[in-house]
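Please read the structure below before turning to the comments.
The residues of the chain are indexed from 1 along the displayed sequence. The figures that follow rest on heavy atoms only: side chains count, while hydrogens, waters and symmetry mates do not. Just so it is clear, the model here is predicted, and its values are computed rather than measured.
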Amino acid sequence: MKRKHKIFGAVIASTVLAAAMAITATAAPVTEESAKAIALASTGLTADSVVYLTAKPDHDDGRQIYEVELLTTNYMEYDFEINAADGAVLNVKYEWENAPRAKTGAAATVTLEQAKTLATAHAGLTADGVTFKKAKADLDDGQIIHEVEFYTADLKEYDYEIDAVTGNILKWEYDASHYTPVTQTVNPAPSQDQSVSSGISGTEAAKAAALKYAGLSSANVRWGKVKPDKEDGRLIYEGEFYYNNLEYEFEIDAATGAIIDWDVDEDD
């Protein structure tokens, strides 16, 4: 799998995300300066290697956070949300504005499976230890981009865009902000049983399959739309429901009862 000058090199250039997420502040109160230090440490950068670095206090879901923005000399942009209570990194968005890109129309040299491995390795994880929400190739201004999204057992989310020719990570996002402990007691992690024993028929059966996957009961949720649809010539059921401040969206294969798409997000 490893094209050493492309794929492995992209991992080195992008920083190791797992190390970034492990960083928290000391017992001292988190200040704007310490929030900056946490952001720098998580990227492996030093203050003299960035051209712009700022931190400002804000509030999100009733808690105080710091929003930290930094820009490197080669136009890598990072946007952080850091918990002011303990210094935990809640969200990171990264974009490489000046990434070397292949010529328009160039053939892909990085497969989708390699892109999945590259993304999970960057996050300090393995492909068999996460659940993939999306993995597909797309065109962006004539260039082939692999879009990879996955989440962990504790529902931390990772989104990646990877150049299918160069293997460069162009964008990524890590999000743990929706899943820090709050007053709710829901366990939103999907169960290991991802399908019912046979196919399903009707929206009520689709609802039951989705609730089973989420580990919830009908008394706990508020339903949005649930309807049959066609995708790639097969019948599916797609729908959404809400629990506390979370929105669940799903797609279920009617023939097998298998969950084929699952998304959990904050209900705005």
Side-chain angles (χ1 to χ4, degrees), residues 11 14-47 49-50 52-72 76-96 119-126 129-133 148-161 169 171-190 215 243-248 263-268:
V11 176
S14 306
T15 77
V16 178
L17 184 57
M21 299 312 102
I23 294 175
T24 58
T26 63
V30 180
T31 64
E32 291 186 18
E33 291 306 310
S34 58
K36 291 180 184 178
I38 291 168
L40 284 173
S42 70
T43 60
L45 299 170
T46 59
S49 64
V50 302
Y52 180 78
L53 176 61
T54 184
K56 64 179 182 180
D58 201 353
H59 282 83
D60 181 51
D61 293 334
R63 63 188 166 198
Q64 184 179 349
I65 65 170
Y66 286 99
E67 295 183 345
V68 181
E69 299 178 7
L70 65 88
L71 175 67
T72 70
M76 291 182 177
E77 296 181 1
Y78 294 83
D79 294 306
F80 285 81
E81 290 183 3
I82 296 173
N83 193 336
D86 59 9
V89 177
L90 303 175
N91 183 275
V92 189
K93 293 180 181 179
Y94 162 92
E95 183 171 2
W96 190 1
T120 52
H122 176 265
L125 302 167
T126 60
V130 303
T131 300
F132 287 96
K133 292 169 52 182
V148 179
E149 300 181 11
F150 56 91
Y151 59 89
T152 61
D154 57 352
L155 291 184
K156 294 180 173 64
E157 293 192 66
Y158 300 79
D159 299 344
Y160 284 84
E161 291 186 10
I169 296 177
K171 296 181 182 179
W172 56 259
E173 181 176 0
Y174 162 86
D175 191 1
S177 62
H178 302 328
Y179 310 114
T180 50
V182 289
T183 56
Q184 63 195 41
T185 58
V186 63
N187 176 16
Y243 181 87
N244 284 355
N245 66 327
L246 296 178
E247 177 184 15
Y248 295 73
D263 189 20
V264 183
D265 203 354
E266 186 173 27
D267 179 16
D268 296 327

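- Taken from NZ in Lys133 to CD in Glu149, the straight-line distance is 5.0 Å, to the nearest 0.5 Å.
- Contact check for Tyr94 versus Thr43: no side-chain heavy atoms found under the 4.5 Å cut-off.
- Among residues two or more places apart in sequence or in another chain, the side-chain contact (heavy atoms from CB on, under 4.5 Å) test is passed with Lys93 by Asp79, Asn91, Glu173.
- Annotation: side chain of Lys156 is not in contact with side chain of Leu125 (no heavy-atom distance under 4.5 Å).
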- For side chain to side chain contact (heavy atoms under 4.5 Å, CB included), just list the numbers for Phe132 and Val148, CA-CA rounded to whole Å, side-chain angles, deciding distance to a tenth of an Å, and then say yes or no. CA-CA 8 Å; Phe132 287 96; Val148 179; 3.8 Å; yes
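- Using a 4.5 Å cut-off on side-chain heavy atoms (C-beta onward), Thr152 and Tyr158 make contact.
- Tyr78 pairs in a side chain to side chain contact (heavy atoms under 4.5 Å, CB included) with only one of the listed residues (Val68, Leu45, Leu71, Leu40), which is Leu45.
- Residue Val30 comes nearest to Gly87 through the heavy atom pair CG2-N, 3.7 Å, listed as atom of the first residue, atom of the second, then distance.
- Rounding to the nearest 0.5 Å gives a distance of 14.0 Å between CZ of Phe80 and NZ of Lys36.
- Note that CD of Glu77 is 8.5 Å distant from CD of Glu69, once rounded to the nearest 0.5 Å.
- The heavy-atom pair separating Tyr66 from Ala84 by the smallest distance is CE1-CB, 3.6 Å.
- Two residues are said to be in side-chain contact when any heavy atoms from C-beta on lie closer than 4.5 Å; Tyr160 and Phe150 meet this criterion.
- Atom-to-atom distance recorded for Glu67:CD and Thr54:OG1 is 10.0 Å, nearest 0.5 angstrom.
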- Message: Set out, in order, the CA-CA distance, both residues' side-chain angles and the distance that settles side chain to side chain contact (heavy atoms under 4.5 Å, CB included) for Leu53 and Leu70, then state yes or no.
- Response: CA-CA 4 Å; Leu53 176 61; Leu70 65 88; 3.8 Å; yes
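- Nearest heavy-atom pair, Glu32 versus Ala55, reported as atom, atom and distance to 0.1 Å: OE1-O, 3.2 Å.
- In this structure, Lys56 has no side chain to side chain donor-acceptor pair (under 3.5 Å) partners at least two apart in sequence or on a different chain.
- Side-chain contact between Asp263 and Glu157 is present, with heavy atoms from C-beta onward closer than 4.5 Å.
- Heavy atoms only, all atoms of each residue included: Asn83 and Arg63 are closest at ND2-CD, 4.5 Å.
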